[in-house]
Amino acid sequence: MRQIVQNIFEVGAIDWDRRLFDELIPLPDGTSYNAYVIKGSEKTALIDTADPTKTDTFITNIIGAGIQKIDFVIANHAEQDHSGSIPDVLELYSEAKVITNEKCKQMLIDLMGIEENKFIVIEDGQELSLGDKTLKFIFTPWVHWPETMSTYLIEDKILFSCDFFGSHLATSDLFVKDKPRVYESAKRYYAEIMMPFRGPIVKNLEKIKDLDIEIIAPNHGQLYDEPKFIIDAYKKWISDDVENKVIVAYVSMHGSTKKMVEHLVNTLIEKGIGVQQFDLVTADVGKLAIGLVDAAGVVLASPTVLTGAHPVAAYAAFLVNALRPKIKYLAVIGSFGWGGRMVEQLKGIITNSKAEILEPVIVKGEPKSEDFQKLDNLAEEIAKRHKK
Ligand code: FEO
């Protein structure tokens, strides 16, 4: 339990040891499931809870904060890392009501088995008085699910933003201290959870822009006592602007594709283009996702396996398709022994992207001088697009 300001506490749990989120994105620095208690002069509210694996820590923190009574459990989001301990809270504080929107209520009934009579449904913009403190509910859909909302504490100017603005970073710091480290963690988080929803995020940022916010208190990572730091980062990530950077993600079995990748990457670097190269067999998928946030383009490189793309390359293509980065172009390069449909397969997976598809470079066996020339041509085409 940690006090933020008088009568407002963080009571969630730090998960130092978690190494994977959604069974997908590596968490090199763990994460946290933040939850908040607000003691008003008349009522006490709990904002969100903790992942079911951390219920014991979370409940110990609430008890440690000397909370005798909880009147309202505000559920900003139904996903289990924040709703997973609600049933335990309702058992401990039987008089408590769950305050949320209609969509979230239905999800909590489905996911957590919470009884319908436990809910009070609120509307977008509705306020709830705790006596000397007032909560205002602001629907912020798609950060992360369609039901997700934020809660603004009017008197203390704190925005409890749930997943929005979160970062996967376990530290004992309550507030952001190490900005570069938090920036990287928040970008990793954005890349996996938020990047596919750039459009809704634009609307949500617009929705909160007139709020007088002194502290942003997300449900993962540290609190921001300089909200501009993370709001500006989000504005950059959701903008249409890209950096002078290309992601080259490859897999190679016998070395042909790797030779092509090395030649292309060296040529791109010589042309002044920033490159991030990932060996898909060993890469941190989170780093790849971070790179996609502001990359101008992607080159996927794969050998042909059993007449198609290598499954690891297909996985990367599937990930690019799911994360919907704002890339402007996409190219496929690779090698084959006797034939196959690798290029068609990879392009066929990335159907969500409006990126321009550049001329592929596919080589039979080991790359030869004419193949390296084709790679040089591809590098030139990429350079032209970066000049734009
Ligand atoms: Fe942190 Fe969408 O849950």
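Indexing begins at 1, ligand by ligand and atom by atom, following the structure's order.
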Under 2.8 Å: N/O/S of C162 next to atom 2 (Fe) of ligand 1: no
Tell me whether the NZ or CZ atom of K69 lies within the 45° cone about the ring axis of Y93 and under 6.0 Å from its centre. no
Restricting to N, O or S atoms, which atom of E79 is closest to atom 2 (Fe) of ligand 1? OE1
Is any N, O or S atom of H82 under 2.8 Å away from atom 2 (Fe) of ligand 1? no
Tell me which N, O or S atom from D163 is the closest to atom 2 (Fe) of ligand 1. OD2
Between K328 and E356, does at least one N-O distance fall below 4.0 Å, as a salt bridge requires? no
Decide if the gap between the ring center of H220 and the ring center of Y189 is smaller than 6.0 angstrom. yes
Any idea which N/O/S atom from D81 gets closest to atom 1 (Fe) of ligand 1? OD2
Going by an N to O cut-off under 4.0 Å, is there a salt bridge joining R18 and D51? yes
Taking the ring centre of each residue, are Y234 and F165 less than 6.0 Å apart? yes
Which N/O/S atom belongs to H144 and is the closest one to atom 2 (Fe) of ligand 1? ND1
